[in-house]
Amino acid sequence: MSARTYKRILLKLSGEVLMGSQPFGIDPLYVSRLAEEIKAARQGGLQLCVVIGGGNIFRGMAAAARGLDRTTGDYMGMLATVMNALALQNALERAGVDTRVQSAIPMASVCEPYIRRRAERHLEKGRVVIFAAGTGNPFFTTDTGAALRAAEMNCDALFKGTSVDGVYDRDPKLFPHATRFEEISFDQVLSENLKVMDATAVALCRENEIPIVVFSIREEGNLVRVLAGEGTRTMVNSTPA
Ligand code: UDP
């Protein structure tokens, strides 16, 4: 794919990315490396929104399976994303990157509430804006929160940084001969129930014509490469596959 110029993107990071090689929680050393990658990605004036998950700390569904009320679990999951957002903000500011955290659940003494126009102003001033607490509603995921914010903030693309380097026809961890797609349509992802993001998130991106770029954030330097149109990734867009 030829390199294309993005003006503003949304980077979605799963909570598990912050664990580094730990089985749980936040690895500050790994978060620092992530901050350096984000810093490098911003060189050249790219405006960057970040949505961070919470799965490294708490998942509502998993807790519900063990008997906790689902909505309570989901609110706990959303609070976990705020912890992750603060950890990433801290690492980014240490790296010299001005950052604001905005939470969908207002908590005035911790961070700003989500205000779209204010977020817009931060981006114009070159600050990274981390959107925490997903959509602010139970029964949703941070993937959907990412698609929603990408649409609201008029992002050119949603970059989903995970542990896998793209979208495969089958789970590559279970099937070694699984094939990775270079490019795939939203419709195919939805009709074949491929594991990219949850269906609500994919449908929101389809409706708003926001391409999704799925890539491995664990590979060092990959964010910059993928932004330049290089590196291994899968592009999900409206073009029929
Ligand atoms: N969550 C929610 N509403 C949202 C976003 C997140 O209820 O809009 C809760 C939900 O319980 C979820 C948890 O927060 O399991 C952590 O988010 P997610 O699983 O999306 O994190 P990731 O998998 O990206 O680490």
Side-chain angles (χ1 to χ4, degrees), residues 9-27 30-31 34 38 49-89 91 101-107 110-111 113-116 119 129-153 155 158-167 171 173 189 194-205 208 212-218 223 236:
I9 64 150
L10 187 139
L11 175 65
K12 162 73 209 298
L13 299 173
S14 331
E16 65 171 28
V17 163
L18 301 192
M19 299 191 304
S21 50
Q22 296 179 172
F24 174 83
I26 299 170
D27 175 354
Y30 191 79
V31 179
L34 215 52
I38 292 174
C49 307
V50 180
V51 165
I52 188 120
N56 55 323
I57 301 173
F58 203 88
R59 269 185 216 284
M61 279 251 264
R66 294 196 308 272
L68 190 80
D69 170 55
R70 168 75 193 266
T71 45
T72 304
D74 279 344
Y75 278 113
M76 291 168 75
M78 286 185 266
L79 295 181
T81 73
V82 180
M83 288 200 233
N84 283 338
L86 294 181
L88 185 60
Q89 176 179 42
V101 175
Q102 292 201 342
S103 171
I105 298 175
M107 42 184 101
V110 175
C111 56
Y114 171 63
I115 300 171
R116 192 186 63 80
V129 183
I130 305 175
F131 297 111
T135 63
N137 301 290
F139 300 101
F140 287 93
T141 64
T142 51
D143 278 354
T144 301
L148 179 64
R149 296 292 181 247
E152 286 183 278
M153 301 307 301
C155 291
L158 193 166
F159 280 68
K160 163 127 174 154
T162 72
S163 325
V164 188
D165 62 1
V167 183
D171 185 346
K173 285 177 187 150
V189 166
L194 297 173
K195 303 280 172 256
V196 183
M197 301 180 105
D198 60 78
T200 315
V202 176
L204 250 177
C205 286
N208 293 288
I212 305 171
V213 183
V214 184
F215 71 103
S216 168
I217 189 81
R218 290 196 181 269
L223 175 59
V236 187

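Computed from a predicted model, the values in this text were never measured in an experiment. Residue numbers start at 1 and run along the sequence shown. Counting starts at 1 for both ligands and their atoms, in listed order.
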Q: Please report whether ligand 1 has a polar contact with Tyr75, defined as an N or O pair separated by less than 3.5 Å (distance criterion only).
A: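 Such a contact does not occur with ligand 1.
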Q: With no hydrogens and no angle check, is any side-chain donor or acceptor of Asp74 less than 3.5 Å from a backbone partner on Phe140?
A: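 No, because the side chain of Asp74 does not come within donor-acceptor range (under 3.5 Å) of the backbone of Phe140.
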Q: Answer yes or no: is there a donor N or O on one side and an acceptor on the other, between the side chain of Gln102 and the main chain of Ile115, under 3.5 Å?
A: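 Flag set: sc Gln102 to bb Ile115 pair under 3.5 Å.
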Q: Taking atom NZ of Lys12 and atom CD1 of Ile212, what is their separation to the nearest 0.5 Å?
A: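 It is 11.0 Å, given to the nearest 0.5 Å.
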Q: What residue and atom, counting heavy atoms only, is the protein's closest point to atom 18 (P) of ligand 1, and at what distance?
A: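 Protein heavy atom with the smallest distance to atom 18 (P) of ligand 1: Thr142 OG1, 3.4 Å.
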Q: Using a strict cut-off of 4.0 Å, indicate which atoms of ligand 1 neighbour a heavy atom of Gly55.
A: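 Close to Gly55: 21 (O), 22 (P), 25 (O).
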Q: Output yes when the distance from some N or O of ligand 1 to some N or O of Thr81 is under 3.5 Å, and no in every other case.
A: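 For ligand 1, there is no N or O atom that lies under 3.5 Å from one belonging to Thr81.
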Q: For atom 15 (O) of ligand 1, which candidate among Gly60, Gly145, Pro138, Ala64 provides the closest heavy atom?
A: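 Closest candidate by heavy-atom distance is Gly60.
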Q: Work out which heavy atom in Cys49 is nearest to a heavy atom in Phe131; give both atom names and the distance.
A: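 Here Cys49 and Phe131 meet closest at CB-CE1, 3.6 Å.
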Q: Mark the output for Met76 as yes if a heavy-atom distance to ligand 1 is under 4.0 Å, and as no if none is.
A: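 Contact check Met76 vs ligand 1: negative.
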Q: With no hydrogens and no angle check, is any side-chain donor or acceptor of Thr141 less than 3.5 Å from a backbone partner on Thr144?
A: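 Checked: pair present.
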Q: Near Gly53, which atoms of ligand 1 are under 4.0 Å from a heavy atom of that residue?
A: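 Per the distance check, 21 (O), 22 (P), 24 (O), 25 (O).
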Q: Could you tell me whether some N/O pair between Thr135 and ligand 1 is separated by less than 3.5 angstrom?
A: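 In this structure, Thr135 places an N or O atom under 3.5 Å from an N or O of ligand 1.
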Q: Atom 2 (C) of ligand 1: which protein heavy atom is closest, and how many Å away?
A: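 Heavy-atom neighbour on the protein nearest atom 2 (C) of ligand 1: Phe140 O, 3.1 Å.
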Q: Can you name the atoms of ligand 1, numbered from 1 with element, that are less than 4.0 Å from a heavy atom of Gly134?
A: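 Near Gly134, meaning under 4.0 Å from one of its heavy atoms, ligand 1 has 5 (C), 8 (O).
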Q: For ligand 1, find out whether one of its N or O atoms is nearer than 3.5 Å to an N or O atom of Gly15.
A: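 Yes, since at least one N or O of Gly15 sits under 3.5 Å from an N or O of ligand 1.
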Q: Could you identify the single nearest non-hydrogen protein atom to atom 3 (N) of ligand 1 and state the distance to 0.1 Å?
A: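 Here the closest protein heavy atom is Asn137 O, 2.7 Å.
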Q: Could you pull out the closest heavy-atom pair between Met78 and Asn137, with the gap in Å?
A: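 Smallest interatomic distance, heavy atoms only, reads CE-C, 3.5 Å.
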Q: To the nearest 0.1 Å, how far is atom 14 (O) of ligand 1 from its closest protein heavy atom, and which atom is that?
A: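 Answer for atom 14 (O) of ligand 1: Gly77 C, 3.2 Å.
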Q: What protein heavy atom sits nearest atom 21 (O) of ligand 1, and how far away is it?
A: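 The answer is Gly54 N, 3.0 Å.
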Q: Looking at every heavy atom in both Asp143 and Val196, which two are closest together, and how far apart are they?
A: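 So the minimum-distance heavy-atom pair works out to OD2-O, 4.3 Å.
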Q: Strictly under 4.0 Å, does any heavy atom of Ala80 approach an atom of ligand 1?
A: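 The answer is no: ligand 1 sits nowhere under 4.0 Å from a heavy atom of Ala80.
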Q: When you measure from the side chain of Asp165 to the backbone of Phe215, do you find a donor-acceptor pair of N or O atoms at a distance under 3.5 Å?
A: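 Not a single qualifying donor-acceptor pair exists.
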Q: Does only the side chain of Ile52 get under 4.0 Å from ligand 1, or the backbone, or both, or neither? Count heavy atoms.
A: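 For Ile52, no heavy atom sits under 4.0 Å from ligand 1.
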Q: Minimum heavy-atom separation for Val17 and Tyr30, please, with both atom names.
A: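 Answer, listing the atom of Val17 first, then Tyr30: O-CE2, 2.9 Å.
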Q: Name the closest protein heavy atom to atom 24 (O) of ligand 1, giving the residue it belongs to and the distance to 0.1 Å.
A: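 For atom 24 (O) of ligand 1, the nearest protein heavy atom is Lys12 NZ, 2.9 Å.
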Q: Tell me, please: is Phe58 in heavy-atom contact with ligand 1, that is, under 4.0 Å?
A: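 Yes, Phe58 has heavy atoms under 4.0 Å from ligand 1.
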Q: With rounding to the nearest 0.5 angstrom, report the SG to CG distance, Cys155 to Asn208.
A: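 Separation between the atoms: 11.0 Å.
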Q: More than 12 heavy atoms of other residues, nucleotides or ligands under 6.0 Å from CE of Met107: yes or no?
A: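 Yes, because the 6.0 Å sphere around CE of Met107 holds more than 12 heavy atoms from other groups.
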Q: Closer than 3.5 angstrom, by distance alone: can the side chain of Arg218 be matched with the main-chain N or O of Gly20 as a donor-acceptor pair?
A: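 Yes, Arg218 side chain to Gly20 backbone: donor-acceptor pair under 3.5 Å.
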Q: Quick one: nearest non-hydrogen protein atom to atom 5 (C) of ligand 1, plus distance?
A: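 Minimum-distance protein heavy atom for atom 5 (C) of ligand 1 reads Thr141 C, 3.3 Å.
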Q: To which protein heavy atom is atom 9 (C) of ligand 1 closest, and what is the distance rounded to 0.1 Å?
A: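 Residue, atom and distance for the closest contact: Asp74 O, 3.4 Å.
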